[in-house]
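One structure is given here, and the rest of the page talks about it.
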Amino acid sequence: FTAVATVWAEYEPLSDAEQRRAAEVGATQTARFRVLLSSLTAMCDPTWRVILRGRRGAPDVEFDIIGVKDAGDAAEGLEISAVARAEKGA
């Protein structure tokens, strides 16, 4: 994968119940990201990935996009649903 852009996003880990359902198919971390709509973010689709930059020495986390939709009013932005697989040995 090649980096396309760096944009600010709101990060929301999913609830415990949603994480338990996701765990039924393997160790995963699921999240929603909200980004402002632009000509670049409008092209976002499940072939892309989201990199959540680690803070205070934490490692970056790579998420596979599983869905993209308008976040309420289309002018507000996009909501990106994504999943990250747990790394072996982590």
Side-chain angles (χ1 to χ4, degrees):
F1 285 86
T2 301
V4 175
T6 300
V7 298
W8 286 99
E10 177 185 347
Y11 165 68
E12 178 187 354
L14 295 183
S15 72
D16 290 342
E18 291 169 301
Q19 289 181 352
R20 279 194 299 274
R21 284 194 298 274
E24 293 173 7
V25 295
T28 60
Q29 178 181 355
T30 53
R32 288 190 187 99
F33 297 89
R34 288 183 187 84
V35 297
L36 293 176
L37 187 60
S38 70
S39 59
L40 182 65
T41 60
M43 297 186 305
C44 183
D45 67 34
T47 64
W48 289 25
R49 291 187 180 164
V50 173
I51 306 296
L52 178 62
R53 297 289 178 212
R55 296 168 87 184
R56 298 184 201 126
D60 294 348
V61 180
E62 187 174 288
F63 286 84
D64 293 323
I65 295 174
I66 56 175
V68 179
K69 65 181 183 177
D70 290 337
D73 178 5
E76 291 179 26
L78 296 176
E79 181 178 283
I80 301 168
S81 299
V83 62
R85 299 275 175 216
E87 297 293 326
K88 290 188 177 191

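Just so it is clear, the values below take in all heavy atoms, side chains as well, and ignore hydrogens, waters and symmetry mates.
For Ser81 (side chain) and Arg32 (main-chain N/O), no donor-acceptor pair under 3.5 Å exists by modelled atom type. A side-chain donor-acceptor contact under 3.5 Å links Asp60 to the backbone of Gly54.
When hydrophobic clusters are built by joining Ile, Leu, Val, Met, Phe, Trp and Tyr residues whose side-chain heavy atoms come closer than 4.5 Å, directly or via intermediates, Ile51 is not grouped with Tyr11.
Within the 4.5 Å cutoff, side-chain heavy atoms of Cys44 are placed close to those of Ile65. Contact annotation: the side chain of Val61 approaches that of Gln29 to within less than 4.5 Å [non-hydrogen atoms, C-beta and beyond].
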Query raised in the report: Should Leu52 and Phe63 be marked as a side-chain contact (heavy atoms from CB on, under 4.5 Å) after you check the CA-CA gap, both sets of side-chain angles, and the distance that decides it?
Result: CA-CA 8 Å; Leu52 178 62; Phe63 286 84; 3.8 Å; yes

Query - Worked check of side-chain contact (heavy atoms from CB on, under 4.5 Å) between Asp70 and Leu78 - result: CA-CA 5 Å; Asp70 290 337; Leu78 296 176; 3.7 Å; yes

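For the side chain to side chain contact (heavy atoms under 4.5 Å, CB included) criterion with Trp48, the lone passing option out of Asp64, Val4, Ile80 is Val4. A side chain to side chain contact (heavy atoms under 4.5 Å, CB included) with Leu37 is found for exactly one of Leu40, Val35, Thr41, namely Thr41.
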